[in-house]
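Data block below; observations after.
Any value given below was found using the heavy atoms of this structure, including those in side chains, with hydrogens, waters and symmetry copies removed. Residues take their numbers from the sequence shown, with the count starting at 1.
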Amino acid sequence: MSRIGKKPVSIPSGVKVGVSQREITVEGKLGKLVYTHRPEITVEVNDDAKHVVCTRTSDQREVRAYHGLTRALIQNMIV
């Protein structure tokens with residue numbers, strides 16, 4: 001799962017992504033979705049490059065799984 005987590009998620013035009021502490025908000029023409037991620041994962045939005053990057057705090061097996069899960073959930077929210 002860690003290979004999936006390393007890939008940035010691109011943000012298409014018309015979609016707004018916001019991060020506030022552990023809460024991720026994605027808003028588009030079809031509605032608004034909110035997700036609270038695990039504390040072991042850090043999510044950053046780069047507005048210049050129009051992508052979202054997830055990073056993890058350690059290399060434990062469970063944290064690596066949460067890394068890929070969080071990235072996949074954010075991708076699905078944007079799509």
Side-chain angles (χ1 to χ4, degrees):
M1 286 301 246
S2 63
R3 287 180 285 166
I4 293 171
K6 290 179 183 179
K7 296 171 64 176
V9 179
S10 63
I11 303 172
S13 62
V15 177
K16 296 178 186 176
V17 179
V19 177
S20 167
Q21 293 178 345
R22 287 182 40 211
E23 192 170 272
I24 302 161
T25 306
V26 177
E27 189 171 356
K29 65 179 181 176
L30 297 178
K32 180 178 178 181
L33 296 171
V34 179
Y35 171 66
T36 304
H37 64 85
R38 299 280 305 194
E40 297 92 349
I41 307 299
T42 305
V43 178
E44 297 174 356
V45 178
N46 187 341
D47 292 327
D48 297 335
K50 298 288 256 174
H51 66 268
V52 179
V53 177
C54 300
T55 56
R56 62 180 183 250
T57 57
S58 70
D59 285 331
Q60 294 177 349
R61 182 181 176 130
E62 188 174 281
V63 175
R64 288 194 318 251
Y66 288 138
H67 187 207
L69 173 71
T70 302
R71 190 261 180 211
L73 290 174
I74 293 170
Q75 171 70 34
N76 290 340
M77 289 170 64
I78 291 174
V79 171

Sequence neighbours left out, what passes side-chain contact (heavy atoms from CB on, under 4.5 Å) with Ser58? Give chain and number order.
Gln60, Val63
Whether the side chain of His67 engages the backbone of Gly5 through a donor-acceptor N/O pair (distance < 3.5 Å, no angle test) should be reported.
yes
With a 3.5 Å cut-off and sequence neighbours excluded, list the donor-acceptor pairs that the side chains of residues 69-79 form with protein atoms.
unit_1, atom_1, unit_2, atom_2, d
Thr70, OG1, Tyr66, O, 2.7
Arg71, NE, Ile4, O, 3.4
Arg71, NE, Lys7, O, 3.1
Asn76, ND2, Ala72, O, 3.4

Output side-chain donor-acceptor pairs under 3.5 Å for residues 28-47, partner residues at least two apart or in another chain, one line each.
unit_1, atom_1, unit_2, atom_2, d
His37, ND1, Ile41, O, 3.2
Arg38, NE, Glu40, OE1, 3.2
Arg38, NH2, Glu40, OE2, 3.2
Asn46, OD1, Asp48, N, 3.1
Asn46, OD1, Ala49, N, 3.3

Applying a strict under-4.5 Å side-chain criterion to I, L, V, M, F, W and Y, I'd like to know whether Val53 and Val9 cluster together.
no
Gap between atom CZ of Arg64 and atom CZ of Arg3 - 0.5 Å precision
11.0 Å
